[in-house]
Every structure is written in structure tokens, then in C-alpha cells.
Amino acid sequence: MNANTSRITQIKQAFQPKHALPAITAGIVIVIINAFIEISLAVMFFSGELSAFIPRGIGFALFGAVAISFVTMLTSSFPGVVAIPQDTPAAILVLTISAITAQMIAAAASMESIFSTVVMTMMLTTFLTGLLFLLLGRFKLGGLVRYLPYPVFGGFLAGTGWLLVQGGLGMLIDVSLPLAQLPTLFQPATLLMWAPGFLFAGLLIIMMRRHSHFLILPGALLAAIGLFYLILWLTQTSITAAAAQGLLLGDFPSGQLWQPLSLSALGQIDWRVILGQAGNIGTMMLISLISLLLNASSLEVIAQEEIDLNRELKASGLANCIAGLGGSTPGYHTLSLSALGVRLGANSRWIGLTVAVIQGVIILFGASLLSYLPTPVLSGLIIFIGLGFLVEWLYDGWKKLTKIDYVMVCLIMIVMNVVGVLQGVGLGLLVAVVLFVIDYSRISVVKHTLSRATYRSAVIRPRLFQQLLKQKGEWVYILKLQGFIFFGTANKLFEQIRDRLDAPEQLKPHFIVLDMQHVLGLDASAELTLVKLKQLAQAQEMTLVFTHLGATIRRRLEKNVFAEAAGGSWRAFDDLDHGVEWCEEQMLQAFAEVGFSAHPQSIKKQFEAFLPKSPRLISLFERLEQEEDAAPAVSVNAEPS
């Protein structure tokens, strides 16, 4: 049975009727939550000058929800996954749309041209995001998420939260207020416009933090709508008057909501303006990738079920390519809504199917119903999402993060909102790299410090020589290195060796043994440090001994450190044992030059010279003759003992 046949069999089993009822129930709850989110995001995208296009914007959002949820449901490795257009890249998209609108209005472009350019930007972003997902999944690069520093992602989410709060506020007062004009928010007329939305968002935050029941959010949304219409009835405000005041979405055109761009609209697109937003588009693609992989990894923990990240990339990639052609924004797995099905015991593909079908019905027949949705509730939902990010990373983060990580989160958030999203994320990555270098530099590259007194080769030698080698063991200074040697750690290694040479209470080393068995690699600055170390060894009449050199490291050292042939300044051996054995031979040769020898004919003389005079002890020795072993013809400077 091939992989495709096996997958079809799994899908058939997932759609068995016994899984249907709990999954459909969970799907209905998810639709209530998700429909409000998608509509709120669409209203935020097309607010202000583009408010006339809100119905079409909602159609694009709901089309994306149908396409992404349906395709991901069929292709994901996790049966109960819920995938929708997401709010995280939406915050950047709001800034992109605002920049496009302002630039084209300044150029006296028509509103139709601005709308077409904005929609094409959304389509390109989503389609390119899908291609990125497909490529990474195809080449099995799903583990890339593990390389992103956690505080950088947290800082981005905090900055996204603030952008969403600003977007929700813009939906309520329909203007953007600079910092200097913030006091005008508290004027009575303006306060009544935005306070209800913030009050609703604040109550949602409190309820969701105290209780985790899955019905709280949909129940709160329905209750808020009921309360809104109760207030209209008590104040005797008509539906028409409420719509005129901007309290309702207003009249929607008849027919289905989703209306893709026509061929004539394609000719009105300003491609140069879109190209100017390449940085924001790239940022949305990167953030979507990171968010997808993090959500899928977290869902793996919640469901206690292994998820193939590369398959999820391919599933979301195909879904985004299709959704992008229909005008949707980027989408992928949603952690909270996917976990809902797990909590209800309905980890089934029926959930995704229910979500897709009901939202498809809304696209076809729900336009008239959507016109009665209160904008304070929709904007309050956007503010709630933004406040959720802020509370998680600014309030909870104070307790969970280290102080330096918390400062980084705040710094990224501020730069994102003052300078730009790309600059904020870039600064965060730069700071994270600098902090990593500083922290890693504190880890000593020296794993163990030894000498010949504590480490001996495997060669068995006469007891007298073993004693002499141990007595002069500090002649051999052994450093077992570890990790990656770079500019942050290489200089510390050099300083440690120089401090050892300057230590007056210890014998001066004749051999510096650098064992690189556990060294992962080294950079150019580490090579330069080893060159300096070789020069120091030459000046001090020492020998550098390298052991366990890998092929890659050896090639890097051949140009500078190993520039001349092995001789007095350096030696290299396959392992530490052979390197120490060579040092021992040099020490034995040095001992021989000052009168010590292990040859049989000289042992008696050595006892006569160095042991207390004892004729009785000497008489116990018997003279034996045997051939002399060849001594190694290598010399080294020695100190008389």
C-alpha cells in the first residue's frame, strides 16, 4: 500500500459517523468565534478611506477561512486541526495597507485603484507565504523554528498586540491619533465612542484568565450583541440611526460576499507601490512561518500526539496558495481553536469540515445578517486579541522572563511601533546575537586542565622513568577543549595559557597539548589566536602539540598555524594518547642528556648515585647483559633537576 492510498484510508476512517456529533458541536462553537474574528480583521483592514469596501473585505476573509480550513483539514497529519487566516500577520498588514493608502491618495489615485492594489498585496503575500511553506516542507526544514530566540518572538507578539489595540481603536474613532493628541481621547464625545469596546475587551481578558471554559468567548460575544440591542431599545435608537452613527456595519450589497478582482481591476494596480512594501511582505512571511511551526509544536504537546512539522508546512503551503488566489490574508493552524476539539474529545476531521461548510454558507447567504453586527463588539474583539498579547508578554513576562529578556521584549515592542516592524525584529535579532555571544563567552572553552602528572600515555615504562615523568609532569600542560572556539572564547584560552606560563609557583611548561576531540569548529579569530599562541611558544622555546584534529579544522590551520613543516614549534597527532607519548619521549631524551638512563647497564650506577649508600642493597643486584634498545633521536631543552 503506497502513501497516498494509506492517507485516503485514514481520511475515510476519520469521517466515520461515530466521530461526527462531538466534532460538529465543537465546529459550530469554533465558527461563532472565528467568524467574528475574521469579520473584525476585515473591518480593521478596510476602515477609514477604504470603509466602502468592507463587505468585499469580509468576503475575502471568509473565503480564506473556508479554503485554509478545508485544505488543511484534508492534508494535515493532525485530524482535529483548525486553520484560519491569522491575526499575527494581520497587524503588519494593517500598517502596509495604511502606507499604501496614504501614498496613493497623495498621488491622487482613485479609490478603486487603491483597493485593487491593497487586495493584490494581500494576494501576493499569502501566495508567497504558501510557496515558502511548500519549499521548506519539501526540503524537510520544519525544525527552523528552534533557531529563533524566544524573547525576539515575544517582543514581536507584544508589538503586534499594541498594533492590534491601535487598530481596534481606529475602528471605533476612525482616526489615528498621534501621541501629542492622546488627551483628546478623554473628551466626553470621543470617550463614548471607544470606551465600550475597551470595556468589553477588558471584561473578556478578566473572564478568560480566570476561567478556561470553551463557551466563555462565544457566550460573551452573543451576550454583548444582546446587550447592545437592549441599549438601543432603551434609548429608542433605531437601526438606521445606529448605522448612521457607525455603530453597525451598515447595509451590505445583495448577493454573495466574495467577489474576486475583475480583469479590469488588474489594470488599476500600482505595482511600484507594492514593490515598496517588500520589507513588510517579507516580515509577514517570516512571522507566519514561525507562528505556524510554534503553534504546531505546541499542539503536539497539548494533544500528546506526534505531529509531522514538514507535512504541516506542506499542508499550510497548499492552503495558502489557494487562499491567496482568492484574496485572503496568510493563515495557518490556530492553537486555541485546535485545542478546543481536543478538550471536547473530538479530535476529528469533522471539525475542519464543519468550520469550512458553515463559513461557506455565510459567504453565500449571510450578507444581510452581517450588516446588523455592532462595531463596538467587533472592535472590542480585536482589542481583546491585542491586549491578550500585551498581558502575556508584559505582565506575565515580568514573572517568567529574565530581566534582560524582558527588557528585550519591551525594546522590540517600542521600536516596532515607533520606527517600524522590520526594524524592531531586526534590532531584536541583533541584540539576541550579541547577548548570546556574551553568554557563550562566559563558558570556558577548556573542558579539563591536565598535566603529565595526572595523565599518562598507554606506554609501559620502567618505574624509575614513571617517577621522573610524574615528578616533571608540569612540563606537559594539557588542555582538553570543547565547543566552538570563536573571538569570544579564543582570547580567554590565550590568556589562560599565558597566565600559566607566568605562574611562579609551577614549573614552566615545555609542551602545550591542545586536545580538540570535543571542538565543534573555530572561526578566523580563533585561527589568529592559535597563530599568536605558536609565536608565544617559539619565544618561550615550547612546542604546541595538537591532538584529535578533525579534517575540517586541520584544513583551516594548514594555511597559518601549520605553515611550516612539523618541527620545534608544533606537532599534530591523531589522538591525545599518542601526543602525550611523544611528549614523554622528549622528556626521557632530556633526562638522558643530564645523566638519567633506563638502560640495564646503567641502572646500578643510578642507584649508587641517587639512593643512600647501602652496600647490602647494592649486593642484591646481579649484572645481566642484553642488547641495547634504540633510543629516539629527538632532543628538547631540559632543566637539570
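No experiment lies behind these values; they were computed from the predicted model shown.
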Report task. Using the six-membered ring wherever Trp is involved, compare the ring planes of Y406 and W398 and label them parallel, tilted or perpendicular (cut-offs 30° and 60°). Result -> perpendicular

Query - Sole residue of L266, V273, D270 in side-chain contact (heavy atoms from CB on, under 4.5 Å) with M120 - result: L266

Requested in this report: List the steps, then state whether side chain to side chain contact (heavy atoms under 4.5 Å, CB included) holds for V165 with L390.
Outcome: CA-CA 9 Å; V165 170; L390 291 173; 4.1 Å; yes

Query raised in the report: Side-chain contact, heavy-atom cut-off 4.5 Å: I225 with F36?
Result: yes

Query raised in the report: What do the steps show when you test F60 against S328 for side chain to side chain contact (heavy atoms under 4.5 Å, CB included), and what is the final call?
Result: CA-CA 5 Å; F60 291 138; S328 172; 5.8 Å; no

Query raised in the report: Hey, is the main chain of S76 close enough, under 3.5 Å, to the side chain of R349 for a donor-acceptor pair?
Result: yes

Report summary line: Value for NZ (K314) from CZ (F133), rounded to nearest 0.5 Å, stands at 14.5 Å

Query raised in the report: Does a donor on one side chain sit under 3.5 Å from an acceptor on the other, for Q277 and T121?
Result: no

Query - Minimal non-hydrogen separation, A319 against T72, with atom names - result: CB-OG1, 3.6 Å

Query raised in the report: Which heavy-atom pair separates A323 from G64 by the least distance, and what is that distance?
Result: CB-CA, 4.2 Å

Query raised in the report: Are side-chain heavy atoms of L41 and M44 found at a separation under 4.5 Å?
Result: yes

**Report entry** Spacing of T117 atom OG1 and M104 atom CE [to the nearest 0.5 Å]
**Finding:** 3.5 Å

Query raised in the report: Just wondering, are more than 12 heavy atoms of other shown residues or ligands nearer than 6.0 Å to CZ in F70?
Result: no

Query raised in the report: So, for L172 and G197, which heavy atoms are closest and what is the spacing to 0.1 Å?
Result: CD1-CA, 4.2 Å

Query - Smallest separation among heavy atoms of L134 and C321, with atom names - result: CD1-SG, 4.0 Å

Query raised in the report: Nearest 0.5 Å, what's the NZ-OH distance between K400 and Y395?
Result: 12.5 Å

Report task. Verify whether one side chain among T237 and T235 offers a donor that lies under 3.5 Å from an acceptor in the other. Result -> yes

Query raised in the report: Are the side chains of T96 and M284 in touch, meaning some heavy atoms are under 4.5 Å apart?
Result: yes

Query - Distance, nearest 0.5 Å, that separates CG of L318 from CG of L313 - result: 12.5 Å

Query raised in the report: Any side-chain heavy atom of I114 within less than 4.5 Å of one from I105?
Result: yes

Query - Under 3.5 Å donor-acceptor, R56 side chain and W258 backbone - result: no

Query raised in the report: Are Q86 and S291 linked by a side-chain donor-acceptor pair shorter than 3.5 Å?
Result: no

Query raised in the report: So which heavy atom on V425 is nearest to which on I412, and how close?
Result: N-CG2, 4.4 Å

Query raised in the report: Centres of the F53 and F46 rings: under 6.0 Å?
Result: no

Query raised in the report: Where is the tightest heavy-atom contact between N320 and G331, given as atom of each residue plus distance?
Result: ND2-O, 2.7 Å

Query raised in the report: Mind checking whether L157 and E392 have side chains closer than 4.5 Å, heavy atoms only?
Result: no

Query raised in the report: Hey, does T329 have a side-chain heavy atom less than 4.5 Å from the side chain of T125?
Result: no

Report task. Apply side chain to side chain contact (heavy atoms under 4.5 Å, CB included) to the pair L203 and F384, showing each step before the final yes or no. Result -> CA-CA 9 Å; L203 291 175; F384 159 72; over 6 Å; no

Query raised in the report: Side chains of L370 and L373: does their closest heavy-atom pair fall under 4.5 Å?
Result: yes

Requested in this report: Working to the nearest 0.5 Å, report the span between CD1 of I100 and OG of S113.
Outcome: 10.5 Å

Query raised in the report: Would you find a donor on one side and an acceptor on the other, under 3.5 Å apart, between the side chain of S116 and the backbone of E112?
Result: yes

**Report entry** Over 12 non-hydrogen atoms of neighbours within 6.0 angstrom of CH2 in W194
**Finding:** yes

Query raised in the report: Do Y229 and W233 have ring centroids that are under 6.0 Å from one another?
Result: no

**Report entry** Nearest-0.5 Å distance, CD1 of residue I97 to CD of residue E49
**Finding:** 12.0 Å

Requested in this report: Apply side chain to side chain contact (heavy atoms under 4.5 Å, CB included) to the pair I68 and I84, showing each step before the final yes or no.
Outcome: CA-CA 6 Å; I68 293 174; I84 56 174; 5.7 Å; no

Report task. Decide side-chain hydrogen bond (donor to acceptor under 3.5 Å, both in side chains) for S238 and T240; before the verdict, give the C-alpha distance in whole Å, the side-chain angles of both, and the deciding distance to 0.1 Å. Result -> CA-CA 5 Å; S238 66; T240 304; 4.7 Å; no

Requested in this report: Flag the pair L378 / L249 as yes when at least one side-chain heavy-atom distance between them is below 4.5 Å, and no otherwise.
Outcome: yes

Query raised in the report: Quick one: does S40's side chain have a donor or acceptor within less than 3.5 Å of a partner on S379's backbone?
Result: no

